[in-house]
Structure formats: C-alpha cells, structure tokens
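Let me begin by presenting the structure, written as structure tokens, before commenting on it.
The model shown is predicted, which means the values in this text are computed figures rather than measured ones.
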Amino acid sequence: MGKMVTIKDTLAADETVFHQYRGVDNFLTESNRAIFHIRFIISRGICELRFNGQYVALNPADIVMVSSTKPLTIENLGEPAKLTILAEQVHAPSPLNLVVVGDNPMVHDLMNAGETELHYIVYRHPANQIRQRYVDLLLELERHDLSDPFLDYQREMTVGLLMTELLRNHEASISIADSDFPGTDIRHASADTQTGLIFNYLVLHSQDATLAGTAAHFGYDKNYFSRLCRKLFDKSFTGQLAFIRIELAKRMLALSSKGIDEIAFELGYKNISSFFAIFKKAVAMTPREYRETHGYRKEK
C-alpha cells in the first residue's frame with residue numbers, strides 16, 4: 001500500500017499495511033515460493049530521521065528498502081519530512097537466490113535473514129528517472145481496487161521492476177555507511193557481505209571501535225581480522241575507521257544542524273583541534289568551510 005506523508009514528529013507504521021493483497025495468489029501457487037514483505041521509503045526532500053532509533057539523513061529521491069513486517073517508527077529530527085512510503089509484498093523462490101536479486105549478495109542476505117528483525121538498505125544517486133516512474137506507477141495502481149487479480153498482478157510485477165532497477169549499478173548506489181545489514185556471521189559470507197557487515201559495525205561504533213573489539217564481535221583473532229580488513233578495504237583497520245569517520249563527518253556537516261564540536265565528539269575525536277586537523281588533511285578544507293560549501297543549514 002502506498003501513500004505520501006509529511007512527518008512533523010513521529011510516524012508509526014505497523015504490519016497491517018501489508019495485509020491487503022490477495023489477488024496475486026491466483027497467479028502464483030508453487031509450493032517453493034514464499035511471500036516477502038518490503039517497504040520502500042522514498043524521500044521527497046532533504047530530511048533527518050531515525051528508523052527505530054537509528055539515525056539516517058536522506059537527500060531528495062533517496063530510497064530506503066526495508067525487509068520486515070515489524071512495526072516501523074520513523075522519527076523526524078528537523079524540518080517536516082516529506083516521504084513516499086510503499087508497503088509491498090511479493091512472491092519469490094524461498095530461499096531467495098541470486099538469480100532473483102542479481103549479483104547483489106547484500107540484498108540477498110537482507111531478504112533471506114527473515115522478517116523478525118528490522119534491517120534496511122539505503123540507495124543514493126537520485127538522478128534516475130526510471131525508478132521514479134516505477135514508484136509513480138505503483139502509487140497509481142494502488143489507487144485502484146487491488147482485489148482485481150489482474151491489477152494486483154501488475155502491482156507485483158511493478159515491484160519487481162523497481163527492485164530490478166535498484167539492483168542495476170547497485171555498487172554505486174548502495175550507501176553502505178547508512179544501511180543496516182543483518183547478522184554477524186561473516187565467516188562463510190561473500191566478500192561484499194563481509195564488507196557491508198564490517199562497514200556497518202564501524203559506522204554504528206565509530207566513536208569507540210577498536211581492532212580487538214571489532215574482531216571479537218565477529219569471532220576472529222585480532223591479527224587475522226586485521227589481514228581480512230586489509231584484503232576487503234585495501235587499507236588497514238585504522239585507516240578504514242578513519243575514512244568512515246571523515247565520511248560520516250561530511251554527511252553530518254552537510255545534512256544536519258549539529259554543531260561541529262558535537263559532531264567531533266560523536267565520531268570519537270578527543271578534541272576539536274585534532275578533528276579540524278584530520279578533516280582538513282583528508283578533505284582539503286576545514287569542517288566549517290565544508291559546511292558553508294555543501295550544507296543546507298546554518299550551524300547552530
């Protein structure tokens with residue numbers, strides 16, 4: 001079910017929004033197929049949000065894909081947030097395979113992780129007319145009576161086309177730093193999934209992450225995990241953590257109204273002077289200059 005909303009404070013989306021489609025069952029009856037529930041949250045402007053307590057900043061036309069029926073609380077942190085929310089269900093082989101989700105193991109793992117916990121993937125790069133037209137078509141179809149199995153079939157096929165378009169050029173469009181991937185078992189996972197899960201952990205623990213602590217979280221010896229990080233990221237664990245902190249700083253400077261000293265503290269810098277020095281070395285401008293050039297709000 002699709003709708004356009006403006007959130008001033010908080011929106012609670014429960015699982016009942018998924019329970020309205022029945023007609024497609026007449027078309028798909030194979031026993032090895034299952035229903036997958038997906039929410040697409042499309043930003044219609046710049047906004048700062050929390051999804052079930054986790055901070056996400058979105059640009060216009062960014063899409064968040066959530067695979068879960070669990071209630072979702074969207075908390076707005078800034079100006080009224082304008083969003084399009086699509087709550088869809090699709091039939092697909094179970095377990096989902098890479099034929100369905102292309103060569104994207106992160107989407108594969110997200111949808112096969114089950115729907116008992118809420119996880120999501122953030123897609124950036126809004127200059128994409130095709131996916132916007134699929135979103136518009138879904139909104140138009142859902143204005144009609146979906147008890148008509150033919151209309152419901154068209155709805156499900158359009159959901160599939162939207163997912164196909166999201167999978168196209170996914171390496172450039174998925175924001176690993178902003179996504180929340182499921183699981184901690186990376187021993188037998190693909191390199192993409194390992195990269196995503198480690199990256200996600202470092203984003204969430206950017207203030208106090210250590211090599212020993214991160215290795216223990218994933219069940220590895222510290223020295224082996226150090227070599228794994230260098231293989232996956234082509235840089236040391238410390239170098240990757242520093243890169244993530246700078247990328248998060250750039251995002252917060254551009255999209256949030258937080259003070260520069262607050263940003264530095266949240267990212268684990270001991271004092272504002274070291275943050276300024278490290279940021280300027282990495283970006284070739286000070287945090288204040290970056291905000292003046294790329295930000296949309298004035299600093300508090």
### Message
Going by side chain to side chain donor-acceptor pair (under 3.5 Å), name the residues that satisfy it together with S274, two or more places apart in sequence or in a different chain.
### Response
N271

### Query
Under 4.5 Å between any side-chain heavy atoms of S256 and R291, yes or no?
yes

#### Entry: Residues in side chain to side chain donor-acceptor pair (under 3.5 Å) contact with H144, at least two apart in sequence or another chain
E140

### Under the side chain to side chain donor-acceptor pair (under 3.5 Å) test, residues paired with D208 that sit two or more places apart
none

### Task
Identify, with sequence neighbours excluded, every residue that meets side chain to side chain contact (heavy atoms under 4.5 Å, CB included) alongside K231.
none

### Query
So do V66 and F51 actually touch side chain to side chain, heavy atoms under 4.5 Å?
no

Can you give each donor-acceptor pair under 3.5 Å made by side-chain atoms of residues 239-246, sequence neighbours left out, with the distance rounded to 0.1 Å?
{"unit_1": "R245", "atom_1": "NE", "unit_2": "S206", "atom_2": "O", "d": "2.8"}
{"unit_1": "R245", "atom_1": "NE", "unit_2": "L267", "atom_2": "O", "d": "2.8"}
{"unit_1": "R245", "atom_1": "NH2", "unit_2": "S206", "atom_2": "O", "d": "2.8"}
{"unit_1": "R245", "atom_1": "NH2", "unit_2": "Q207", "atom_2": "O", "d": "3.4"}

### Residues which pass ring pair (Phe, Tyr, Trp, His ring centres under 6.0 Å) with F233, listed by chain and number, not counting sequence neighbours
none

### Query
Going by an N to O cut-off under 4.0 Å, is there a salt bridge joining D136 and R133?
no

#### Entry: Interatomic spacing from CG in D62 to OG in S173 - rounded to 0.5 Å
10.0 Å

### Query
Considering residues, nucleotides and ligands other than F265, do more than 12 of their heavy atoms fall under 6.0 Å from its CZ?
no

### Ion pair check, E88 and R155, cut-off under 4.0 Å
yes

## Note on the structure
The reported gap from CG in L162 to OH in Y134 (rounded to nearest 0.5 angstrom) is 8.5 Å

## Note on the structure
F275 meets the ring pair (Phe, Tyr, Trp, His ring centres under 6.0 Å) criterion, sequence neighbours left out, with Y269, F279

### Query
For N223, which residues count as a side chain to side chain contact (heavy atoms under 4.5 Å, CB included) partner, sequence neighbours excluded?
D221, R227

### Residue list, salt bridge (charged side-chain N to carboxylate O under 4.0 Å, His left out) with E266, at least two apart or on another chain
K258

#### Entry: All side chain to side chain contact (heavy atoms under 4.5 Å, CB included) counterparts of S43, not counting sequence neighbours
C47, L58, L83

### Query
Considering residues at least two apart in sequence or located in another chain, which fulfil the side chain to side chain donor-acceptor pair (under 3.5 Å) criterion with S226?
none

### Query
With sequence neighbours left out, what residues match R50 under salt bridge (charged side-chain N to carboxylate O under 4.0 Å, His left out)?
E75

### Message
Is there a side-chain contact between R288 and I260 in this structure, where contact means two heavy atoms from C-beta onward sitting under 4.5 Å apart?
### Response
yes

